[in-house]
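Some notes on the structure that comes next.
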Amino acid sequence: QVQLVESGGGLVQPGGSLRLSCAASGFTLDYYAIGWFRQAPVKEREGVSGISRSNGWTYYADSVKGRFTISRDNAKNTVYLQMNSLKPEDTAVYYCATVRGTITGSTWYRPSWYQYWGQGTQVTVSS
């Protein structure tokens, strides 16, 4: 059974950091690309970052570029999202998603591109 489980969310003050994890089970991440998305209340789900299957190419939304870093540890079957310099506007439920195959600059941010989703983890940035 394919499963993705996010963890690492929580409450943090503006300027703080969090590291989200996305642990995969039931399949091997080596052949899958991963995307991180977020959804705030009354807003559409938006792509935050993506990492390709094999060559490790990474993609970021303009709003998080320079602050967030995506990485993967295939040995642990886990993908991470390091979030620094957090802002109140980063508050949302964060989801990881995966697709067998590749992502490109024109597909990584599209929710419909992905096959499997985690249940999400809440990130709240507030003083």
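Residue numbers run from 1 in the order of the sequence given. Here the structure is a predicted model, which is why all the values come from computation and not from measurement.
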List the residues meeting side-chain hydrogen bond (donor to acceptor under 3.5 Å, both in side chains) with [X], not counting sequence neighbours, and say none if there are none.
X: Y94; result: R38
X: T104; result: S106, T107
X: Q82; result: N84
X: K65; result: D62

Item to check | Matching residue for F37 among Y114, Y109, W113 - test: ring-ring contact (aromatic ring centres under 6.0 Å, His included) | outcome: Y114
Residues two or more places apart in sequence or in another chain: which of them pass side-chain contact (heavy atoms from CB on, under 4.5 Å) with [X]?
X: A23; result: T78
X: A24; result: L4, F27, L29, N77
X: Y59; result: W57, I103, W108
X: S112; result: R110

Checklist outcome for this item: In short, side-chain hydrogen bond (donor to acceptor under 3.5 Å, both in side chains) pairs touching residues 22-36 with sequence neighbours left out are none
Checklist entry - Which pairs with one or both residues in residues 57-127 pass disulfide (SG to SG under 2.5 Å), sequence neighbours excluded? => result C22-C96
Item to check | Counterpart residues, salt bridge (charged side-chain N to carboxylate O under 4.0 Å, His left out), relative to R67 (two or more places apart) | outcome: D90
